[in-house]
Number of protein chains: 2
Amino acid sequence: MFPLLFSGSALRVRSSESDTQRFVNRVLQKEVDTLKPVRIGICGLGTVGSGTFNVLTRNAREISARAGTDIIIEQVGARRDNPACDTSSSNVTRDVFEVARNPDVDVVVELIGGTTVAKELVEEAIASGKHVVTANKALIAEFGNELFAKAEAKGVTISFEAAVAGGIPIIKALREGLSGNRVEWLAGIINGTGNFILTEMKDKGRAFEDVLKEAQKLGYAEADPTFDVEGIDAAHKLVILASIAFGMPLQFDKIFTEGISAIEPQDLTYAESLGYRIKHLGIARQSDKGVELRVHPTLIPAKRLIANVNGVMNAVLVKGDAVGPTLYYGAGAGAEPTASAVVADLVDVARGFSAAQENKVAHLGFAADALQDLPVLPISEVTTAYYLRMTAEDRPGVLNKVTQILSDSGISIEAVIQKEPEEGGTEVPLILLTNRAVEKQLMEAIDGIERLEAILGEITHIRVESLG
Amino acid sequence: MFPLLFSGSALRVRSSESDTQRFVNRVLQKEVDTLKPVRIGICGLGTVGSGTFNVLTRNAREISARAGTDIIIEQVGARRDNPACDTSSSNVTRDVFEVARNPDVDVVVELIGGTTVAKELVEEAIASGKHVVTANKALIAEFGNELFAKAEAKGVTISFEAAVAGGIPIIKALREGLSGNRVEWLAGIINGTGNFILTEMKDKGRAFEDVLKEAQKLGYAEADPTFDVEGIDAAHKLVILASIAFGMPLQFDKIFTEGISAIEPQDLTYAESLGYRIKHLGIARQSDKGVELRVHPTLIPAKRLIANVNGVMNAVLVKGDAVGPTLYYGAGAGAEPTASAVVADLVDVARGFSAAQENKVAHLGFAADALQDLPVLPISEVTTAYYLRMTAEDRPGVLNKVTQILSDSGISIEAVIQKEPEEGGTEVPLILLTNRAVEKQLMEAIDGIERLEAILGEITHIRVESLG
């Protein structure tokens with residue numbers, strides 16, 4: 001009868017469990033629940049740390065009523081105070097590792113960021129048998145496989161809803177809400193800075209560098225904007241989403257990443273006149289040949305809902321085989337939106353979702369031994385349509401030569417924009433929209449076109465996705 | 001030491017539990033998990049029932065890998081077979097109550113619909129100690145309070161993700177994903193039939209009756225379309241969403257409901273020229289005075305994402321105090337989208353979320369004893385802006401008289417459209433957009449305006465929400 005006492009497995013043995021037994025279990029469990037709140041330690045008091053502190057304090061009534069128990073900030077670990085939150089009546093330490101070792105802390109909330117101290121902290125917390133909640137996308141994307149294994153060996157859970165798309169509960173949607181589906185693909189605007197820049201460039205015809213400076217002034221972009229504008233931040237998030245969607249280990253090194261710094265305002269205008277918008281998307285797709293994992297600027301039909309997600313907002317479009325397309329939209333960053341996701345993870349832990357239950361929701365949604373080592377396709381093998389923009393000498397036969405090269409590579413053309421030269425000019429912009437082609441064939445064709453005497457400079461190419 | 005053996009409460013007592021003990025628990029639990037799949041009984045083989053059967057069968061590998069155990073269709077109860085799914089190798093009974101009493105069934109999936117047989121079936125399933133998964137919005141909205149109490153008394157769970165917005169995991173988002181928030185308001189397009197009709201009316205200038213007939217032909221609308229076009233279906237869904245958002249018992253009898261049958265194509269056109277769209281929204285808002293619960297046609301700014309949700313698609317916009325606005329979009333009906341939600345609930349049960357764990361996620365998200373009996377405001381006390389359309393005689397001073405009456409009631413005007421009379425005509429349409437006003441004051445003003453000699457017939461009034 002011993003196993004019957006484990007409530008987590010009672011469903012499966014219920015038929016042999018008596019009502020009396022269940023009642024006794026219930027009473028005993030209720031008593032324990034009432035006695036013991038969940039005690040957390042917040043490590044890091046930056047934007048997200050202070051936001052989490054404030055949300056937990058302000059919404060304590062709602063949170064306790066939902067969690068079924070109190071969530072108490074037992075300790076805060078931060079190198080310095082943050083005027084955005086009042087920790088004067090809290091137990092504050094300057095040593096975050098003290099939090100990880102504190103026997104009165106049940107859950108360590110890692111909000112330091114980065115992959116050095118944060119990684120050590122999480123490892124120490126796991127070693128001390130504590131659950132971990134983190135907003136750290138880099139840590140999960142790059143070191144998730146080993147951290148999850150450590151957590152599973154210790155019977156604790158790492159929760160990371162806040163690591164992707166801020167306050168949008170997209171991890172939960174994929175891991176739990178769409179668990180009946182074979183996910184075919186997903187596409188996300190998962191970097192608010194990049195989306196803000198593209199939105200401003202489009203709406204106001206401003207240049208990339210100009211808008212980037214404003215984004216830095218507004219606090220949307222870091223002093224070193226590489227992570228945002230070159231797509232590394234989006235790549236961290238995409239690799240997490242893809243692993244959960246398809247059930248495979250995290251493979252950050254396999255992702256193709258292209259930033260938005262080469263996009264010019266005219267590309268946004270031409271795209272518009274073709275009925276498209278340019279968005280910086282993270283795309284993951286499951287095909288017979290393998291999994292596509294890519295972050296790059298993408299033309300998408302202007303009528304799609306996701307094409308109308310503007311400014312710093314994020315959105316993820318998920319296509320499941322049963323549910324069809326579903327979209328999740330909200331703030332992808334900021335103190336309280338991110339805190340919203342951190343607190344949701346804490347409530348999950350408190351509700352006993354994952355607590356010492358052998359991770360009933362596996363870290364990546366699929367049971368660890370059910371993850372498949374799916375191959376990730378190199379970008380050269382990916383098939384999409386393309387937007388091509390080139391500068392041509394204004395003389396007869398140029399378009400014909402260009403289309404001949406494409407045709408020889410088996411690439412057909414969907415639309416052409418050819419403008420008159422400016423007054424007195426001899427150069428014209430030439431814009432082509434191709435049908436779907438394998439990337440390496442397109443690259444060969446581009447090489448050939450660039451070698452034409454009448455084509456000046458390099459050809460801008462942007463991938464096109466119908467998301468239909 | 002007895003309580004230490006309950007894994008659901010182990011988080012709270014972990015500090016006194018040894019690693020060895022935990023390891024032993026784990027091994028024992030794993031064994032039980034491996035031995036016992038979750039055995040379900042599907043009751044009802046209509047659109048959703050057959051969709052659920054097919055998704056469970058087709059995606060068995062993904063579902064087992066996510067659930068951590070197999071979900072087995074132990075029995076199917078249906079009055080007749082459905083050619084949409086092949087149940088030839090299943091144990092089929094014509095008596096659904098046999099499923100509720102079957103000792104080999106762990107979970108009863110109620111997909112019959114209605115509130116008579118379905119209610120009896122759910123009650124019988126609960127009485128037999130079985131978990132229930134249902135897609136039945138009417139049953140939950142009208143009888144949820146008593147059914148939840150019965151389920152809690154028996155230590156089983158009723159899951160109803162599929163009852164609202166089909167495949168969109170909106171119940172999970174509200175109950176779990178946004179659990180750190182005080183929800184300020186939510187607004188949803190939660191009836192696909194109504195949204196299809198309004199979309200067609202707007203895009204093609206067609207009349208309501210005409211599009212309704214097409215919707216019936218396409219299978220989007222029932223032969224008796226009352227539930228859809230008069231807003232009862234949306235009201236069922238809204239009352240469920242509101243209770244979860246705000247933490248209050250279900251109060252279906254308090255909801256204000258107005259359908260779309262009075263909307264004319266010209267209203268859609270005028271709205272457009274004012275920068276708005278008309279959508280049939282369910283709106284729930286928490287204010288100091290009480291909770292607003294209302295379903296009615298609504299003008300919303302055309303630039304809002306939700307204003308661009310077209311055809312049969314659904315979307316719910318939720319405003320939390322921490323997360324800000326978030327939106328959830330997808331198919332609100334149909335065989336497999338609804339099945340997607342049913343299966344997600346089954347995976348939750350299988351993962352041990354709710355199984356015999358005393359409903360760690362309470363039915364309405366908040367612990368049953370933490371629900372607040374919040375007052376629902378009568379529609380007369382609700383404050384919104386209004387769109388007014390009236391027919392006036394084409395003579396001087398009419399507009400002045402109308403605005404005087406509004407002004408006397410303390411209602412100011414945001415915009416006016418006054419058209420020339422048609423060739424040889426003497427009547428003109430007069431359209432006003434007011435600022436926010438209390439509904440009963442507006443109704444008094446409308447009474448006064450309708451009594452003016454120069455105003456012909458009744459005034460069309462549609463509420464306006466900025467959703468900002």
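Just so you know, these numbers use all the heavy atoms, side chains as well, and skip hydrogens, waters and symmetry mates. Here the structure is a predicted model, which is why all the values come from computation and not from measurement. The sequence lines fix the lettering, A, B, ..., with proteins before strands; numbering per chain opens at 1.
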> Out of A:V55, A:I63, A:N181, return the one with the most heavy atom pairs under 4.5 angstrom to chain B.
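When all of A:V55, A:I63, A:N181 are compared, A:N181 has the most.
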
> At a heavy-atom separation under 4.5 Å, does B:I306 approach chain A through its side chain, its backbone, both, or neither?
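Nothing of B:I306, per the 4.5 Å heavy-atom cut-off to chain A.
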
> Is the side chain of B:R175 donor-acceptor paired with the backbone N or O of A:R66 at a distance under 3.5 Å, no angle test?
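No.
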
> Could you tell me which of B:G167, B:A315, B:G177 has the largest number of non-hydrogen atom pairs under 4.5 Å with chain A?
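Heavy-atom pair counts peak at B:G177.
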
> Check whether any side-chain N or O of A:K154 sits under 3.5 Å from a backbone N or O of A:A125 as a donor-acceptor pair, and report yes or no.
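No: the side chain of A:K154 does not pair with the backbone of A:A125.
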
> Heavy-atom pairs under 4.5 Å with chain A are the metric here; pick the option from B:G324, B:S179, B:G180, B:A370 that has the most.
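Winner by heavy-atom pair count: B:S179.
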
> With distance as the sole test, does A:R101 use its side chain to make a donor-acceptor pair with the main-chain N or O of A:S128 at under 3.5 Å?
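Not a single qualifying donor-acceptor pair exists.
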
> Between B:V343, B:V323, B:I168, who has the most heavy-atom pairs with chain A when the cutoff is under 4.5 Å?
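Sorted descending by pairs with chain A, the first entry is B:V323.
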
> Please determine, among B:L317, B:T326, B:N59, the option with the most heavy-atom pairs under 4.5 Å with chain A.
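Highest number of pairs under 4.5 Å: B:N59.
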
> So, using side chain to side chain contact (heavy atoms under 4.5 Å, CB included) as the criterion, who are the partners of B:D70 when residues are at least two apart?
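Residues passing side chain to side chain contact (heavy atoms under 4.5 Å, CB included) with B:D70: B:P37, B:S64, B:I72.
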
> Which one wins on heavy-atom pair count under 4.5 Å against chain A: B:G330, B:A344, B:A322?
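Of the candidates given, the most pairs with chain A belong to B:A322.
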
> Sequence neighbours left out, what pairs pass salt bridge (charged side-chain N to carboxylate O under 4.0 Å, His left out) with at least one residue falling in residues 310-324 of chain B?
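Passing the test, one end in residues 310-324 of chain B: A:R58-B:D321, B:E184-B:K319.
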
> Under 4.5 Å heavy-atom distance to chain A, tell me which part of B:E62 shows up: side chain, backbone, both or neither.
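Its backbone and side chain both get close to chain A.
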
> State, to 0.1 Å, how close A:L305 and B:N308 come at their nearest heavy-atom pair, and which atoms those are.
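Here A:L305 and B:N308 meet closest at CD1-O, 3.5 Å.
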
> What residues form a salt bridge (Lys or Arg N to Asp or Glu O under 4.0 Å) with A:R277, not counting sequence neighbours?
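If we apply the salt bridge (Lys or Arg N to Asp or Glu O under 4.0 Å) test to A:R277, skipping adjacent residues, the hits are A:E272.
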
> Using a heavy-atom distance cut-off of less than 4.5 Å, which residues of residues 331-341 of chain B contact chain A?
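The stretch touches chain A at B:A331, B:E336, B:P337, B:S340.
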
> To the nearest 0.5 Å, what is the distance between CD (A:E176) and CG (A:D348)?
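Spacing of CD (A:E176) from CG (A:D348) equals 6.0 Å.
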
